[in-house]
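So you know, we letter chains A, B, ... as the sequences are listed, proteins then strands, and number each from 1.
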There are 2 protein chains.
Amino acid sequence: MVNKSALVYDDLMQKIDGEVYKLGTYLPSENQLCELYGISRETGRKALAALAENGYIQKIRGKGSLVIEHRQYEFPVSGIVSYKELAQKLHITTKNVVYDYEPNGTLPVAAFASLGVDLTEAPVTVIKRVRVIDDEPDIIDKDYILKTVVPEVPKRAAEDSLYAYFEDELELEIGYATKEITMEPANAEDRQQLHLDDGAYMAVVRSVTSLTDARAFQFTESRHRADKFRFRDFARRQHNPL
Amino acid sequence: MVNKSALVYDDLMQKIDGEVYKLGTYLPSENQLCELYGISRETGRKALAALAENGYIQKIRGKGSLVIEHRQYEFPVSGIVSYKELAQKLHITTKNVVYDYEPNGTLPVAAFASLGVDLTEAPVTVIKRVRVIDDEPDIIDKDYILKTVVPEVPKRAAEDSLYAYFEDELELEIGYATKEITMEPANAEDRQQLHLDDGAYMAVVRSVTSLTDARAFQFTESRHRADKFRFRDFARRQHNPL
DNA sequence: AATATAAACTTGTTTAGACAAGTTGTCAAA
DNA sequence: TTTGACAACTTGTCTAAACAAGTTTATATT
């Protein structure tokens, strides 16, 4: 038996996406959710809080839970979703070309210094991939995976989906990621892999991904063609009541 | 009397920032928090859930709440914080030059179409500002504020802080924002205001801000010098248990 | 010494209930 | 007609309790 509030969350989310509950209308009230799903009020409230946090609804006291404009899944996406999951959701045809694979590399620590990484000489598996969308190479992903956590990453996992390998095969639980977006001039490798001219700019997303036990294990540098890059974010205002 | 869980959240957050609870150590257990603050367990858990959501801690079942690396406040920041709040937190000396102010403008809807805006010919107050950091103009902010929600925005509010005017004077409750980051070539206005060369690139952040009653009221286009732009984001992995 | 068990901790989930506070509509009084 | 009070809804906050499940430590057994 799984988590009731997660089931309610998923059901409501799908019904919002499927326009059973339309934009600008209210979800059933909390007491109605109790009857609909056979749950207690606090359980329903957890599902509603998660929907609000992820930008599906706005809770209004005295009125209800209003369905609001939700545009999370555009490409590339905020949050922490695997490339393969994303491509499926968006019905995009992509290709994934592994152009470098080093089972015994070392982590380029300097690149991740600003994310608070203080490792030195860490042994990693290096995977470099080009993402091809509509027959056009748009993104370079360079992944460095700590061998102390994942001793080996088979090449087929790199060609399919790293996340599926980590979560489904190794049963690692991915917890959170910190990412940083900057803009940098294209380097020789960018120009070669993505067929770019001199003077081109890149959107560079560097991220550190950690497991639920807080061990950082994956370091990614994702380099996007500037003209194809789009990042979307939903955020709530923090009201400090002090 | 205010919100107990928010008080606990703020207290724990400050103690994490002040290294009373150091990185890599565990917060007091939930039962200890109950005694420390004189609260019930669920109240403490709400504070902990918010700390986890914002990247201060990682909860580990059976063990406790681990303090993790937290680097939210770099410039410019993720989430939805006013420029003035940010500058104070970071001890940055900034100047804020209003170079255009139109009390009777219209919203340039095309610019915000990808954020799901479907208004037409909406009357707005237009405010264009240059943010000067260390005597260098780095950012252009163009704000369009709906007159249907905020009939007039005094020029002094633009020179000080729009958020302070909205929240403290008008007592509007700001709820959430959707923002989108793209990279675009600098236009003539960029080059003039920020003293840039031909061929320069800009990081453009377009956002729509809504009140807690879900009325969108502020549309902002924020244009950053590419070499000074840095965006940081913390995200948790969504585990769909279906 | 190594192993298995149990107890005592930890967080995770759910419930039922109480009261506060914002919104809306009804109905009676002015 | 307008106003005001009230009832019936809504969400917001907090409590006390129970049980599940993961971690650690101590203890007893082999």
Side-chain angles (χ1 to χ4, degrees), chain A residues 1-10 12 21 25-53 56-68 171-173 175-176 211-215 236-239 241-242, chain B residues 1-10 12 21 25-53 56-68 171-173 175-176 211-215 236-239 241-242:
Chain A
M1 174 58 171
V2 261
N3 197 324
K4 286 191 189 179
S5 48
L7 291 174
V8 175
Y9 174 90
D10 286 323
L12 291 174
Y21 300 126
T25 67
Y26 287 90
L27 296 186
S29 76
E30 295 177 355
N31 284 320
Q32 288 172 326
L33 291 179
C34 295
E35 293 194 359
L36 279 172
Y37 294 99
I39 55 176
S40 72
R41 190 169 156 230
E42 280 298 335
T43 300
R45 279 177 66 77
K46 274 192 186 167
L48 293 176
L51 288 169
E53 189 63 41
Y56 286 95
I57 62 171
Q58 173 67 27
K59 303 206 72 184
I60 305 178
R61 191 209 286 238
K63 302 183 86 171
S65 297
L66 183 65
V67 179
I68 62 178
E171 296 192 331
L172 296 177
E173 289 189 9
Y176 59 90
L211 302 173
T212 51
D213 63 6
R215 282 182 296 166
R236 294 196 163 270
R237 170 89 168 139
Q238 298 277 16
H239 290 283
L242 283 183
Chain B
M1 174 61 171
V2 261
N3 196 326
K4 285 191 191 181
S5 48
L7 291 175
V8 175
Y9 174 89
D10 285 324
L12 290 174
Y21 301 127
T25 67
Y26 287 91
L27 296 186
S29 77
E30 294 176 354
N31 285 319
Q32 288 172 326
L33 290 179
C34 295
E35 293 193 359
L36 278 172
Y37 293 99
I39 55 175
S40 72
R41 190 168 155 230
E42 278 300 332
T43 300
R45 280 179 63 79
K46 274 190 187 168
L48 293 176
L51 287 170
E53 189 62 42
Y56 287 96
I57 62 171
Q58 172 68 26
K59 303 205 74 187
I60 306 178
R61 191 210 282 242
K63 302 184 84 172
S65 297
L66 183 66
V67 179
I68 61 177
E171 296 191 332
L172 297 175
E173 287 188 12
Y176 59 92
L211 302 173
T212 51
D213 63 5
R215 281 183 296 166
R236 293 195 165 271
R237 170 88 169 140
Q238 298 276 16
H239 289 282
L242 282 184

Ignoring hydrogens and angles, are the base of C/dC9 and the side chain of B/Gln32 linked by a donor-acceptor pair under 3.5 Å?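 Absent.
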
To the nearest Å, give me how far apart [atom1] ([X]) and [atom2] ([N]) are.
X        : N      : atom1 : atom2 : answer
A/Asp213 : C/dT11 : CG    : P     : 16 Å
B/Lys63  : C/dA8  : NZ    : P     : 22 Å
B/Glu35  : D/dT15 : CD    : P     : 14 Å
B/Arg45  : D/dA20 : CZ    : C1'   : 12 Å
A/Glu42  : D/dT11 : CD    : C1'   : 11 Å
B/Glu173 : C/dT23 : CD    : P     : 10 Å
B/Ile60  : D/dA21 : CD1   : P     : 20 Å
A/Asn31  : C/dG17 : CG    : C1'   : 12 Å

* Asked: Of the nucleotides D/dC14, C/dA18, C/dT14, which one has an atom closest to the side chain of A/Asn3?
  ->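 Output: C/dT14.
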
* For the side chain of B/Gln32 and the backbone of B/Ser29, is there at least one donor-acceptor N/O pair under 3.5 Å apart? ->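 Yes; judged by distance alone, with no hydrogens or angles, the pair exists.
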
Backbone of A/Ala52 reached by a side-chain donor or acceptor of A/Arg236 within 3.5 Å: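 Yes; judged by distance alone, with no hydrogens or angles, the pair exists.
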
- Item | Rounded distance [0.5 Å steps], OG1 in B/Thr25 versus CD1 in B/Ile57 |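 If I round to the nearest 0.5 Å, the distance is 11.0 Å.
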
Would one find a side-chain N or O of [X] under 4.0 angstrom from OP1 or OP2 of [N]?
X       : N      : value
B/Lys4  : D/dT15 : yes
A/Ser5  : C/dT14 : yes
B/Lys59 : C/dG12 : yes
A/Ser29 : D/dT10 : yes

Notebook entry, point to check: Checking all strands, does B/Leu48 fall into the base, sugar-phosphate, or nothing category for heavy-atom contacts under 4.0 angstrom?
Noted result: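 B/Leu48: no heavy atom of the nucleic acid under 4.0 Å.
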
Note to self: Looking only at the side chains, is there a donor atom on one of B/Ser5 and B/Asn3 sitting less than 3.5 Å from an acceptor on the other?
What the structure shows: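 A donor-acceptor contact under 3.5 Å links the two side chains.
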
- Message: Assess, by modelled atom type and distance only, whether the side chains of B/Arg215 and A/Gln58 contain a donor and an acceptor separated by less than 3.5 Å.
- Response: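 No donor-acceptor contact under 3.5 Å links the two side chains.
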
message = Let me spell it out: for each of A/Thr43 and B/Leu27, pick the nucleotide of DNA chain C with the closest heavy atom. Which residue's pick is nearer the 5' end?
response =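 The residue whose closest nucleotide sits nearer the 5' end is B/Leu27.
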
